[in-house]
Student: 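Before we start, here is the structure in question, set down as structure tokens.
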Amino acid sequence: MPASPLILPFSAIGAEALPLVGGKAVNLGVLTGAGFPVPPGVCLTTRAYQAATEGAGLDEVLDALAATPAGDVTALNDLAARARDLVLAAPVPQDVADAVRHGPEGPVAVRSSATAEDLPHASFAGQQDTYLNVVGEEAVLDAVRRCWASLWTDRAVAYRAANGIDHRTVLLAVVIQEMVCSEVAGVMFTANPVTGRRYEAVIDASPGLGEAVVSGSVNPDHFVVDIATGRITERRPGDKLLAVRPLPGGGVERVGLGDGTERACVTDDQLRALARLGGRVEEHYGSPQDTEWAIDADGELWLTQSRPITTLFPVPESAAARAEGGPRVYFSFSVAQGVYAPFTPMGVSAFRLLSSSVSALAGNPVADVTAGAPQVTEAAGRLFFDVTGVMRGRAGRMIVPRLLDVMEARSAVVLRGLFDDPRFGVTRRSVLPALRRLLRIARRFRVPSNVVRAVLNPAATHERLGRLRARLRTELTPLPETATPLERLDRVERTLSARTVPLLPRVVPGPIAGFAMLGLAARLLGDRARPGELTTVLRGLPYNVTTEMDLALWALADRIRADADASALLLATPAADLARRFHDGSLPGTVQRGLREFLAVYGVRAVAEIDLGVARWSEDPTHVIGVLTNYLRLDDRSQAPDAVFARGAAEATRMIRTLAARAGGPRGALVRFALGRARALAGLRELPKFVAVTVLAAMRAELRIVGADLVSRDVLDSPDDVFFLTVGEVRTLLSAPDDSRALVAERREQAERERRRRRLPRVVLSDGTEPEAVGTATPVDGALTGTPASAGTVTGIARVVLDPVGAHLEPGEILVCPSTDPGWTPLFLTAGGLVMEMGGANSHGAVVAREYGIPAVVGVADATEHVVTGQRITVDGTSGTVSTVDVVPEEGQPRVP
């Protein structure tokens with residue numbers, strides 16, 4: 001096998017060369033091959049880095065890094081410094097030096113290109129070094145050596161640690177590229193990085209080299225251009241106080257320009273040309289791009305870099321959208337359910353089956369039950385519903401936001417905010433079709449009569465639901481051992497697609513009756529009920545399966561507390577070790593027996609339990625044992641769950657008497673009756689979900705048996721690998737076994753990456769816009785204003801930092817600084833928000849803030865003077881404002897007037 005080359009021209013670099021040339025060089029090679037205006041250059045490959053460092057003694061440092069937690073920034077920095085010193089001290093092999101000397105002549109840019117850089121899932125923006133206007137062979141060779149060492153900058157090491165990337169797997173190549181002596185340069189995103197809107201070029205521009213914009217050392221001119229039409233939709237002039245210019249003998253200088261706010265540094269024609277270029281680059285890659293560009297003295301436009309925008313949330317696409325077209329509205333079911341981790345593929349598959357049942361119940365059966373209802377889709381492993389039809393129907397607008405008011409209020413606010421958007425105007429004004437469907441389902445399952453029965457006789461309703469739960473457990477008993485894997489899979493598909501959803505109309509009459517009675521009481525009381533009084537009636541509700549679970553666990557903790565040896569064991573042993581002992585049957589009798597009894601009832605539950613692919617507590621009781629241990633540490637009996645529950649119930653009883661007396665006479669008697677029924681029935685609100693979770697747990701058990709069979713066929717490594725496949729894929733494997741380990745490993749890796757995603761939209765439009773990220777709030781009086789750079793809002797303690805060397809940020813503190821370059825990156829690991837005096841939405845600090853998911857506002861004039869360390873401030877990265885909550889300066893700091 002021939003040795004890898006030491007140096008390659010851009011024209012010889014394709015996408016397959018990533019391990020040899022790194023992300024930046026791959027992108028420049030691909031762009032060159034596609035005919036884009038890229039300045040010519042070469043890449044010194046990773047083989048050169050390996051040759052230079054193989055004897056440098058890095059192995060000991062790499063071992064230490066592997067054992068260092070990502071949060072131990074001090075230790076990481078120390079190890080990074082050792083690695084840099086070793087690389088800088090290593091001699092450059094002669095053949096590598098000769099290869100460098102045969103590179104481009106004249107002024108060049110020398111840029112690091114790491115193999116874990118500019119990737120679709122992580123940009124690593126600015127983590128390694130770049131040297132501009134390098135002149136002469138020896139200067140180029142010195143810049144190459146420093147680029148190699150920059151693989152071990154504090155920021156790069158911290159970034160890799162935070163993203164779970166093995167330091168041993170990352171190598172460095174070096175790009176040596178002809179310099180563009182630009183008159184004006186900057187950054188262009190082909191999608192709006194703050195709002196998420198696609199096909200919208202966001203351009204920051206400033207005189208001189210683009211380093212001024214990228215580093216955030218200047219407030220650039222800011223433009224937004226519609227790529228499809230060329231329409232310039234936003235202009236925001238920057239002061240452009242300085243420019244970075246090349247020096248004749250090499251290197252660069254910063255030149256003061258004065259205030260250039262009035263005159264834009266690019267023409268409208270240049271902006272449209274940039275937008276067209278950005279559109280072509282995005283079309284070539286098939287995804288939105290973060291590009292750097294330059295315009296030289298002759299007016300020629302150059303593309304100097306392109307990388308994927310890694311912070312954008314992928315746009316969902318439903319089957320309904322493909323069939324109907326047009327703009328769409330997607331609602332995140334994952335966020336509404338409080339599930340922020342990605343669903344497993346089998347969990348998504350299960351919801352598609354359930355949605356098929358819902359669709360059939362509504363009178364719209366689907367052709368393929370495994371594909372699900374056409375409104376169901378997923379993006380980034382999260383479940384979404386296409387609610388465009390809801391938005392366009394009068395009935396949907398009346399019902400769905402009201403349901404969300406009690407389920408996920410912020411989503412309701414976002415949806416209502418779209419009511420005036422003409423793209424989603426009402427096209428179905430009659431509510432009769434929806435009403436007829438609801439009445440048909442209600443009659444079929446006798447919902448109205450069961451609601452009435454629940455009001456008249458709550459005890460009978462509880463008995464009926466108790467029988468339903470008992471019958472369900474019996475029906476969900478696993479198939480006999482003789483059942484084939486295909487029979488088990490058939491059962492899963494049949495149960496989820498046809499038998500689960502019809503259970504819910506049998507369960508909901510109880511809670512419907514309870515809340516209807518609460519509503520009746522509210523109407524009877526009118527203004528006689530003060531704010532918060534009716535919610536007091538719902539404290540300490542009986543018949544709530546989740547509350548009953550908590551109380552059962554507390555009762556078990558009480559029994560364990562009475563056993564001194566068992567209690568001591570739990571307090572002194574890690575929960576994971578105790579879980580293993582439980583499965584071995586070696587825990588003390590009190591604990592072993594009590595946990596077994598608890599899990600017999602509640603073992604179907606889990607954190608993120610609506611994902612069928614998540615392990616149940618019966619499989620892994622670590623979480624439950626951890627809660628038990630915390631209960632054992634609770635010394636204040638007044639804060640015990642049973643005491644809190646009893647106080648709540650007593651407060652509710654007193655409030656019913658108070659409200660009934662306040663209403664008086666027959667009205668008061670009716671209020672007392674209605675509120676009594678509300679307490680007797682509203683606690684059942686948790687039962688529908690518990691029933692659904694019980695079914696999911698049973699189907700998970702069947703699938704684990706199927707997974708074990710696939711392991712025996714040598715196509716999977718673990719029974720739980722089956723949850724990283726879909727129902728359809730498992731069916732195919734059962735009929736034609738094929739090694740699926742690589743597919744499972746890839747999906748597990750994707751899931752791990754997705755777990756690190758910080759920002760999840762509640763609602764996203766089909767053009768990528770996140771409505772919550774579109775700033776519409778009125779600025780607070782006296783608030784500082786700047787450019788929105790990373791959407792979201794955070795309130796926290798400000799930390800003004802003028803120099804990152806030696807600076808420290810407590811977790812959650814808001815970093816307030818003049819500007820940032822890559823050397824500031826380690827501070828972002830603990831920052832809760834970012835405020836910068838300089839920079840635009842595309843500067844380095846803004847890019848990293850979005851990648852780390854922290855709200856950011858940039859270009860805030862004199863922020864380090866107006867804000868004082870210790871102040872409590874609110875950063876609104878959506879509207880671009882910074883406001884004071886209160887003033888709590890550190891000792892010795894002046895107060896802000």
Side-chain angles (χ1 to χ4, degrees), residues 9-11 24 27-42 103-111 130-136 140 175-190 201-215 218 220-223 225 227 230 232 235 237-238 240 242-258 260 262-281 284 289-306 840 842:
F10 288 172
S11 58
K24 187 179 279 89
N27 287 335
L28 291 171
V30 168
L31 291 169
T32 298
F36 287 98
V38 176
V42 299
E105 297 180 359
V108 294
V110 182
R111 301 180 172 192
T130 289
Y131 297 91
L132 301 176
N133 197 41
V134 183
V135 178
V140 171
V175 167
I176 304 172
Q177 185 177 23
E178 290 184 13
M179 274 288 296
V180 176
C181 294
S182 54
E183 289 295 305
V184 61
V187 176
M188 172 174 58
F189 283 61
T190 66
V202 179
I203 301 169
D204 284 352
S206 192
L209 302 180
E211 174 66 16
V213 175
V214 173
S215 66
V218 66
D221 290 339
H222 177 81
F223 307 93
V225 185
I227 291 177
I232 301 168
R235 302 174 189 266
K240 305 180 291 294
L242 63 85
V244 177
R245 304 280 192 193
L247 289 168
V252 297
E253 65 175 344
R254 294 174 178 246
V255 180
L257 299 178
E262 293 183 5
R263 183 176 179 182
C265 62
V266 284
T267 67
D268 286 2
D269 286 344
Q270 287 173 329
L271 287 171
R272 294 188 184 99
L274 277 166
R276 286 195 298 272
L277 176 63
R280 287 173 51 212
V281 173
H284 179 76
Q289 296 290 301
D290 164 6
T291 69
E292 295 178 22
W293 54 270
I295 299 174
D296 64 20
D298 296 327
E300 188 168 358
L301 173 59
W302 296 92
L303 185 65
T304 57
Q305 190 168 325
S306 184
N842 298 340

Student: Under the side chain to side chain contact (heavy atoms under 4.5 Å, CB included) rule, what do V252 and E211 come out as? Steps first, then yes or no, please.
Tutor: CA-CA 10 Å; V252 297; E211 174 66 16; over 6 Å; no

Student: Might you point out which heavy atoms bring V213 and A205 nearest each other, and give the distance in Å?
Tutor: CG2-C, 4.2 Å

Student: Roughly how far, to the nearest 0.5 Å, is CH2 of W293 from CG of L274?
Tutor: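 So the gap between those two atoms works out to 5.0 Å.
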
Student: Name all residues meeting the side chain to side chain donor-acceptor pair (under 3.5 Å) criterion together with R254; count only those two or more places apart in sequence or in a different chain, and write none if there are none.
Tutor: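 So R254 forms a side chain to side chain donor-acceptor pair (under 3.5 Å) with S217.
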
Student: Table please: side-chain donor-acceptor pairs of residues 177-190 below 3.5 Å, with sequence neighbours left out.
Tutor:
unit_1: Q177; atom_1: NE2; unit_2: P39; atom_2: O; d: 3.1
unit_1: S182; atom_1: OG; unit_2: G208; atom_2: O; d: 2.8
unit_1: T190; atom_1: OG1; unit_2: E282; atom_2: OE1; d: 2.6
unit_1: T190; atom_1: OG1; unit_2: Q289; atom_2: N; d: 2.8

Student: Sub-3.5 Å donor-acceptor pair from the side chain of T32 to the main-chain atoms of S11, do we have one?
Tutor: no

Student: Mind checking what makes side-chain contact (heavy atoms from CB on, under 4.5 Å) contact with V135, not counting sequence neighbours?
Tutor: P107, N133

Student: Taking ring pair (Phe, Tyr, Trp, His ring centres under 6.0 Å) as the test, write out the residues that go with F10, two or more places apart.
Tutor: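 Checked F10 against ring pair (Phe, Tyr, Trp, His ring centres under 6.0 Å); zero matches.
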
Student: CD1/I232 to CG/D268 distance, rounded to the nearest 0.5 angstrom?
Tutor: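 If we round to the nearest 0.5 Å, I232:CD1 and D268:CG are 3.5 Å apart.
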
Student: To the nearest 0.5 Å, how far apart are CG in L28 and CZ in F36?
Tutor: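 It comes to 12.5 Å.
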
Student: Might you point out which heavy atoms bring H284 and A34 nearest each other, and give the distance in Å?
Tutor: CE1-CB, 3.5 Å

Student: Taking V175's backbone N and O only, do any of them form a donor-acceptor pair with R111's side chain (distance below 3.5 Å, no angle check)?
Tutor: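 No, the answer is negative, given that no donor and acceptor are paired below the 3.5 Å cut-off.
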
Student: Kindly compute the distance separating CD1 (I227) from CZ (R272), expressed to the nearest 0.5 Å.
Tutor: 14.0 Å

Student: By side-chain contact (heavy atoms from CB on, under 4.5 Å), which residues pair with L247, not counting sequence neighbours?
Tutor: E253

Student: Rounded to the nearest 0.5 Å, what's the gap from CZ on R280 to CG on L31? Could you check?
Tutor: 10.0 Å

Student: Just by modelled atom types, is the G238 backbone N or O under 3.5 Å from a matching donor or acceptor in the D221 side chain?
Tutor: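 Side chain of D221 to backbone of G238, a donor-acceptor pair under 3.5 Å: yes, one is there.
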
Student: So, using side-chain contact (heavy atoms from CB on, under 4.5 Å) as the criterion, who are the partners of T267 when residues are at least two apart?
Tutor: D269, Q270

Student: Tell me every residue that passes side chain to side chain donor-acceptor pair (under 3.5 Å) with R245, counting only those two or more places apart in sequence or in another chain.
Tutor: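 None.
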
Student: Between P37 and L301, which heavy-atom pair has the shortest distance, and what is it?
Tutor: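 Distance-wise, the nearest heavy atoms are CB-O, 3.5 Å.
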
Student: With sequence neighbours excluded, what pairs up with D296 under the salt bridge (Lys or Arg N to Asp or Glu O under 4.0 Å) test?
Tutor: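 Counting only residues at least two positions away or on another chain, D296 forms no salt bridge (Lys or Arg N to Asp or Glu O under 4.0 Å).
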
Student: At their closest point, which heavy atom of L257 faces which heavy atom of A243, and how far apart are they?
Tutor: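 Looking at all heavy atoms of both residues, the shortest contact is CD1-CB, 3.7 Å.
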
